[in-house]
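All of these numbers come straight from a predicted model, not from anything done at the bench.
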Amino acid sequence: MKKVTLLILLGAAAVSFADWKPVGDKIKTRWAEEINPETVWDEYPRPQFERSGWMCLNGLWDLRVAGSSSEKPKYFDKEILVPFGVESSLSGVGELVEPDDKIWYHRTFECPDDFSGKKVLLNFEAVDWKTAVWVNDSYVGGHKGGYDRFTFDITDCLKSTGEQSITVMVTDPSSYGSQARGKQKNSQHGIWYTPNSGIWQTVWLEAVNKKAHLADVEITPDIDSSKVTIIPIMDSPEIGNYSVRCSVYENGSRVAQKTGHVYKPLEIKIDDQKLWSPDNPFLYDLKLELFEGKNSSSGKLLDTVKSYFGMRKISLGQGDHTKVLMLNNKPLFHYGTLDQGWWPDGLHTPPSDEAMKYDIEMTKKMGFNMIRKHIKIEPDRWFYWCDKMGIMVWQDMPSGMIEPDPGKSGSPEHVGGNQPDQYKNSEVEAQFELELRKMISQHYNSPSVVVWVPFNEGWGQYDTCRISRMVKDLDPTRLVDAVSGWALRDCGDILDIHTYHKDLRKPDVNEKDRATAVGEFGGIGYAIKGHLWDPNRRNWGYQSYDSKEELFQNYKHKFDQIVEMKKNQDLSAAVYTQTTDVEGEVNGLMTYDRDVVKFDEAKLRKLHSVLYED
């Protein structure tokens, strides 16, 4: 009898599950209705390193969430739409993952015919948090980190023909671990949001030459000498036997070309250079061709990659009172929104590329020239749209914090303004700094990124000035905002205060060696019925109003103070909280579902224009 029951269960597991649909009764965006599981997030995931031979693995995967003692499942009891986190509505699951749970994924695929004879790479753009991967039951590797991409060579694990299988196991302690997690919290309240576990960015296959292929490229513009430095990086250490031809294109026409060796800096002169800026986000196209042999004209072509870059410079200059932010050697005020990158239906993952692009477009339309991406790192395509549309990015590192023990006083999550930096053990430090380095490396080539922000408001803050120096050493081409708000330290390029008062606090007028910024202000609440995440909870802002008219008047009251600080104190930047409502926070310029824009876009754009005048 038991054997018959088991066969019935296994048979039921083998049949098709019900058609996918979003779950839960929370509000959703209009893009949720347009999702097709067969084509979900099927855009090329790395626009700055693009090849032709690839296959998207997003779509419906088998799923089982089990306890910590579970082994690789013999059957699965659910389906999940990848790349949406388990807790999200768009995953089709919508269940909270416990800290000791194992999330098991499984799917099958067949390699395209043009993959034959090539090396096959399995790419994950981001999985939160600890990952282990098997292909055809062979273990191929693991990874720790919730925001960076990783790759496995699965060539030797593949069958010569027919169906292949992938199994992925993920564990995520969410707020019960010390890992970088940003605003995810198992118990949501206030400024803390629903956690996001598992695969949350694109999974895909890529076919490359078995002998050698390009693995990465580092692109550094230098507008003062009208040149760009290209460092091609290969998967093989045999430097002498390969060459790379770099071709630069302007509006489809080749304007420069040079051949050099992998791992060696290759300087290319850009005549009559066109500078990237928010007003003119000009991008040069770049083609990289890897040849076997020292001479590209006689060598065998092994790999071709498409990329792009922008010619721009971010630096400090001298203002009337203190240092000011300069773009392309001219002062430019940075005025942006605090952008959390959360969605009511997809949580960390936008419903689509179009939806993700919409937030950036609306930010531009409202007259902002910058986004502070707040303690979250977006997919590469988000940076591509910022590059292409022309919006500067201040990129936060997601905070690494430890959940407070309810039985003890105090909070290990953050340090106050007058408290010393936290102590962290070497293992926690090493993991945080590894993920920080990967963030900088992965997004180094994006011209839109102009400032790195390692710490926010003392959350998980340790060795601030050492970390600030480390970031500057890794990327001397950009500025470092060592800590945004609260626990300020005398290091970095920017002094950054937060003030949510109706009458704003001002930065220290005695600051001489750094630029000054109001890294967060505003947070004015306006709750709109029918567009609330949870109508029964506290929906709040730092000050709250009941009409668009009141909202605008009080916004203008705060904005006028920013203008005065720019005029009288050389204030260089300000960040308004925030782009959209997020869960219980109703202080967005738009509602959480993006259906209602709370301000007149043209009116805001005209108001903001005064900040960009010389």
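Rounded to the nearest 0.5 Å, atoms CG (Asn587) and OG1 (Thr577) are 6.5 Å apart. Residue Phe309 holds its CZ atom at 9.0 Å from CZ of Phe282, rounded to the nearest 0.5 Å. Note that OG1 of Thr194 and NZ of Lys26 are 7.5 Å apart. Values are rounded to the nearest 0.5 Å. With values rounded to the nearest 0.5 angstrom, Phe333 atom CZ is found 9.0 Å from Asn369 atom CG. The CZ atom of Phe599 sits 9.0 Å away from atom NZ of Lys548, with the distance rounded to the nearest 0.5 Å. Interatomic distance, Lys558 NZ to Thr499 OG1, rounded to the nearest 0.5 Å: 7.0 Å.
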Stepwise side chain to side chain donor-acceptor pair (under 3.5 Å) check, Asp387 with Tyr308: CA-CA 10 Å; Asp387 295 340; Tyr308 67 85; 2.5 Å; yes
One pair to check against side chain to side chain donor-acceptor pair (under 3.5 Å): Asp224 and Asn329. What are the steps and the verdict? CA-CA 9 Å; Asp224 295 330; Asn329 296 321; 2.9 Å; yes
Would you sort out whether Asp345 and Trp31 count as a side chain to side chain donor-acceptor pair (under 3.5 Å), showing the intermediate values? CA-CA 10 Å; Asp345 38 23; Trp31 296 281; over 6 Å; no
Are Thr322 and Asp570 close enough, and set up right, to give a side chain to side chain donor-acceptor pair (under 3.5 Å), and what steps lead you there? CA-CA 6 Å; Thr322 188; Asp570 284 337; over 6 Å; no
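The shortest distance between side-chain heavy atoms of Asp493 and Lys472 falls below 4.5 Å. Met565 places a side-chain heavy atom less than 4.5 Å from the side chain of Leu504. Ile377 is not listed as a side-chain neighbour of Lys373, based on a closest heavy-atom distance of 4.5 Å or more. Looking only at side-chain heavy atoms (C-beta outward), Ile375 and Trp459 come within less than 4.5 Å of each other. By the 4.5 Å heavy-atom criterion applied to side chains, Met326 and Leu316 are not counted as neighbours. The closest side-chain heavy-atom distance from Ile270 to Val248 is below 4.5 Å. Side chains of Thr579 and Thr363 form a contact here, defined as non-hydrogen atoms less than 4.5 Å apart. Here the side chains of Met356 and Tyr358 are not in contact, with every heavy-atom distance at 4.5 Å or above.
Side-chain atoms of Asn568 and His321 form no donor-acceptor pair, as typed in the model, at a separation below 3.5 Å. When only modelled atom types and interatomic distance are considered, Glu435 and Gln431 share a side-chain donor-acceptor pair under 3.5 Å. For the residue pair Gln442/Asp380, the side-chain donor-acceptor check at 3.5 Å is satisfied. Side-chain N/O atoms of Ser468 and Arg489 include no donor and acceptor closer than 3.5 Å. With 3.5 Å as the limit, one finds no donor-acceptor pair spanning the side chains of Ser448 and Tyr384. In this model, no donor atom of one side chain and acceptor atom of the other lie less than 3.5 Å apart for Tyr176 and Asn186. A donor-acceptor contact closer than 3.5 angstrom links the side chains of Glu87 and Ser197. Side-chain contact, Gln422 with Gln461: no donor N or O sits under 3.5 Å from an acceptor N or O. Asp475 and Trp452 form a side-chain donor-acceptor contact under 3.5 Å, judged by distance and modelled atom types alone. Inspection of the His348 and Trp342 side chains reveals no N or O donor paired with an N or O acceptor under 3.5 Å. Asp593 and Thr29 form no side-chain donor-acceptor contact under 3.5 Å, judged by distance and modelled atom types alone. No donor-acceptor contact under 3.5 angstrom links the side chains of Gln48 and Ser307, judged on distance only. Counting only N and O atoms by type, the side chains of Lys274 and Asn280 include no donor and acceptor under 3.5 Å apart. Lys183 and Gln188 are not linked by any side-chain donor-acceptor pair at a separation below 3.5 angstrom, with hydrogens and angles left out of the test. Side-chain N/O atoms of Glu585 and Tyr193 include a donor and acceptor closer than 3.5 Å. Under the 3.5 Å distance criterion, with hydrogens and angles disregarded, no donor-acceptor pair is assigned to the side chains of Asn456 and Trp486. Defined by atom type and a distance below 3.5 Å, a donor-acceptor pair is present between the side-chain atoms of Asp128 and Gln184.
A salt bridge links Asp560 to Lys556: one of the charged nitrogens lies within less than 4.0 Å of a carboxylate oxygen. By the 4.0 Å N-to-carboxylate-O rule, Arg30 lies close enough to Asp595 to be salt-bridged with it. A salt bridge does not link Arg537 to Asp534: none of the charged nitrogens lies less than 4.0 Å from a carboxylate oxygen. Using a 4.0 Å cut-off between charged side-chain N and carboxylate O, Lys376 and Glu378 make a salt bridge. The residues Arg372 and Glu520 are annotated as salt-bridged, a charged nitrogen and a carboxylate oxygen being separated by less than 4.0 angstrom.
Between Tyr335 and His608, the two ring planes are perpendicular [angle over 60°; tilted spans 30° to 60°].
A ring-centre distance under 6.0 Å is not found for Phe521 and His498.
Cation-pi check for Arg478 over Trp394 is not met; the charged atom does not lie both under 6.0 angstrom from the ring centroid and within 45 degrees of its normal.
For the disulfide (SG to SG under 2.5 Å) condition, the pairs that include at least one residue of residues 490-539, sequence neighbours left out, are Cys465-Cys491.
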